[in-house]
Student: 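Sharing a structure with you now.
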Amino acid sequence: MTATQTIGAFYTQAVASLTNADLFFGHGCTCAEDEAAWLISATLDIPFDALDNAWDDEISTDDVTRLMQNLDARCTRKTPLAYILGEAWLGPYCFQVDPRVIVPRSFIAELLMDDLSPWVQNPEHITRIADICTGSGCLAIIAAQHFPNAQVDAVDLSPDALAVAKDNVAAYQLERRLHLHHGDLMTPVLDQKYDIIISNPPYVDASSMDALPVEYRHEPTMALAGGNDGLDLVHTLLRQAAQTLNPGGWLIVEIGHNRHVMDATYPNLPLVWLDTDGGNDFVFLVDQESLQSLI
């Protein structure tokens, strides 16, 4: 019996290979152990929570070949595993992904899965949501799932990204409530009004773009680059949200490590920084009334 003929043996081999390959873990997993388990689960179509009972199962020669091909692509080309497997997970939600879209990893997802509590008291009262820079459509889909009476508009400038989002919307059977729009930020929906606007826009500043690990260079540049200070799109989005939010509405935006820029640029804007698993410096919330000072 060779070292790759049981799932447990391959897992051990995969962890060692991933650990020694000088990889960056930031596209769904934080360590080699989790990536190895995900690779096996997706490649062999074994539910992730069933792996513990499958360690002694033998792997066919064909499956060993597929596993090794996926492992080699990750270690040699440093391709994000999500692209290799064609899927990405945010909590319990799985999305189809490929290099046409950024790999889903937004902190906003966990806030949506908590129904935006305590800011939203009754999710059933939310009727209009916009997701700007939707990419794969992941946040728009999660929003539609957690706010069952809401119509959701999702906007992206990339036709390729919208093609991926269309497949994800169809997979969740949300075509009647979730509508995709092609355009720059809120331009296609400036004539609408929303209770909530969410956005995970490109926010990597110019100096950080030059220093990104190889894995990120597999992603569309337009989905990452946020201009010199990282907030080119955010500056515009703030003013667009001021025009399109209903009274009492909220704008929620993820901006990565740029809190210091926001605080310095908008010292009089009462931003609320939201707690996430990654910390409380990455996502801000601001209300419709406060945004009126920017118009």
Side-chain angles (χ1 to χ4, degrees), residues 106-135 139-140 142-144 146-147 149-157 181 183-205 226-295:
S106 175
F107 293 118
I108 294 175
E110 67 182 84
L111 301 171
L112 291 171
M113 284 184 266
D114 197 29
D115 300 335
L116 296 178
S117 175
W119 309 102
V120 174
Q121 297 295 317
N122 191 337
E124 294 185 354
H125 290 173
I126 301 299
T127 61
R128 296 296 309 279
I129 297 174
D131 174 28
I132 310 305
C133 303
T134 193
L139 294 182
I142 296 174
H146 283 261
F147 298 92
N149 295 327
Q151 290 289 319
V152 181
D153 288 326
V155 184
D156 205 284
L157 185 58
H181 304 268
D184 188 8
L185 295 176
M186 298 196 73
T187 301
V189 294
L190 282 176
D191 60 341
Q192 301 297 308
K193 291 291 184 180
Y194 298 100
D195 302 315
I196 296 169
I197 299 171
I198 58 175
S199 183
N200 180 25
Y203 55 67
V204 182
D205 63 39
N228 188 53
D229 68 357
L231 298 179
D232 278 5
L233 282 75
V234 176
H235 299 313
T236 300
L237 181 58
L238 289 170
R239 289 160 177 82
Q240 291 179 334
Q243 302 173 49
T244 52
L245 278 173
N246 285 320
W250 305 102
L251 170 67
I252 300 168
V253 184
E254 180 171 333
I255 60 166
H257 296 280
N258 295 320
R259 176 173 178 172
H260 64 290
V261 182
M262 281 297 298
D263 287 341
T265 307
Y266 303 99
N268 298 317
L269 195 61
L271 303 174
V272 178
W273 295 92
L274 303 181
D275 290 329
T276 70
D277 286 343
N280 61 0
D281 293 327
F282 305 117
V283 181
F284 70 79
L285 173 149
V286 62
D287 63 277
Q288 180 267 349
E289 183 179 0
S290 297
L291 287 171
Q292 299 309 299
S293 64
L294 301 179
I295 299 179

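Just so it is clear, the structure is predicted and the values come from calculations on it, not from any experiment.
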Student: What I'd like to find out is whether the side chain of T134 reaches to under 4.5 Å of the side chain of L139, using heavy atoms alone.
Tutor: no

Student: Are any non-hydrogen side-chain atoms of D205 and N258 less than 4.5 angstrom apart?
Tutor: yes

Student: What residues form a salt bridge (Lys or Arg N to Asp or Glu O under 4.0 Å) with D153, not counting sequence neighbours?
Tutor: R128

Student: Apply side-chain contact (heavy atoms from CB on, under 4.5 Å) to the pair L237 and M186, showing each step before the final yes or no.
Tutor: CA-CA 7 Å; L237 181 58; M186 298 196 73; 3.8 Å; yes

Student: Given side chains that start at C-beta, do those of L245 and I197 come closer than 4.5 Å, heavy atoms only?
Tutor: yes

Student: Could you point out which residue of L233, N200, V234 forms a side chain to side chain contact (heavy atoms under 4.5 Å, CB included) with I255?
Tutor: V234

Student: Begin from the C-alpha positions of Y203 and D232 and carry the test side-chain contact (heavy atoms from CB on, under 4.5 Å) through to its verdict.
Tutor: CA-CA 8 Å; Y203 55 67; D232 278 5; over 6 Å; no

Student: Enter the distance from Y266:OH to S293:OG here, rounded to the nearest 0.5 Å.
Tutor: 10.0 Å

Student: Give the minimum heavy-atom separation between H181 and P188, together with the two atoms involved.
Tutor: CB-CB, 4.0 Å

Student: Specify the closest pair of heavy atoms between Y194 and V189, including all atoms of both residues, with the distance to one decimal.
Tutor: OH-CB, 3.2 Å

Student: Check whether any side-chain heavy atom of L238 lies under 4.5 Å from a side-chain heavy atom of M262, and answer yes or no.
Tutor: yes

Student: Considering non-hydrogen atoms only, spot the tightest contact between D131 and S199 and give its length.
Tutor: OD1-CA, 4.4 Å

Student: Can you tell me which residue pairs pass the ring-ring contact (aromatic ring centres under 6.0 Å, His included) test with a partner in residues 238-259, sequence neighbours excluded?
Tutor: W119-W250, H257-F282

Student: Do you know which two heavy atoms are closest between K193 and N246, and how far apart they sit?
Tutor: CB-OD1, 3.2 Å

Student: List the residues meeting side-chain hydrogen bond (donor to acceptor under 3.5 Å, both in side chains) with D263, not counting sequence neighbours, and say none if there are none.
Tutor: R259

Student: Which pair of non-hydrogen atoms, one from L294 and one from L269, has the smallest distance, and what is that distance?
Tutor: CD1-CD2, 4.2 Å

Student: What is the minimum heavy-atom distance between H146 and P123, and which atoms define it?
Tutor: O-CB, 3.7 Å

Student: Kindly determine whether L274 and I252 satisfy side-chain contact (heavy atoms from CB on, under 4.5 Å), including the steps that lead there.
Tutor: CA-CA 9 Å; L274 303 181; I252 300 168; 4.3 Å; yes

Student: Just wondering, more than 12 heavy atoms not from N122 lying within 6.0 Å of its CG?
Tutor: yes

Student: Do the side chains of V283 and V253 get nearer than 4.5 Å, heavy atoms only?
Tutor: no

Student: For I142 and M113, what are the C-alpha separation, side-chain angles and deciding distance, and is it a side-chain contact (heavy atoms from CB on, under 4.5 Å)?
Tutor: CA-CA 7 Å; I142 296 174; M113 284 184 266; 4.0 Å; yes

Student: Heavy-atom distance under 4.5 Å between the side chains of V272 and V286, does that happen here?
Tutor: no

Student: Do T187 and Q240 have side-chain heavy atoms sitting under 4.5 Å apart?
Tutor: yes

Student: Just so I know, are the side chains of H235 and D229 near enough to count as touching, which here means a heavy-atom distance under 4.5 Å?
Tutor: yes

Student: Should we say atom CD of E289 is surrounded by more than 12 heavy atoms from elsewhere, each under 6.0 Å from it?
Tutor: no

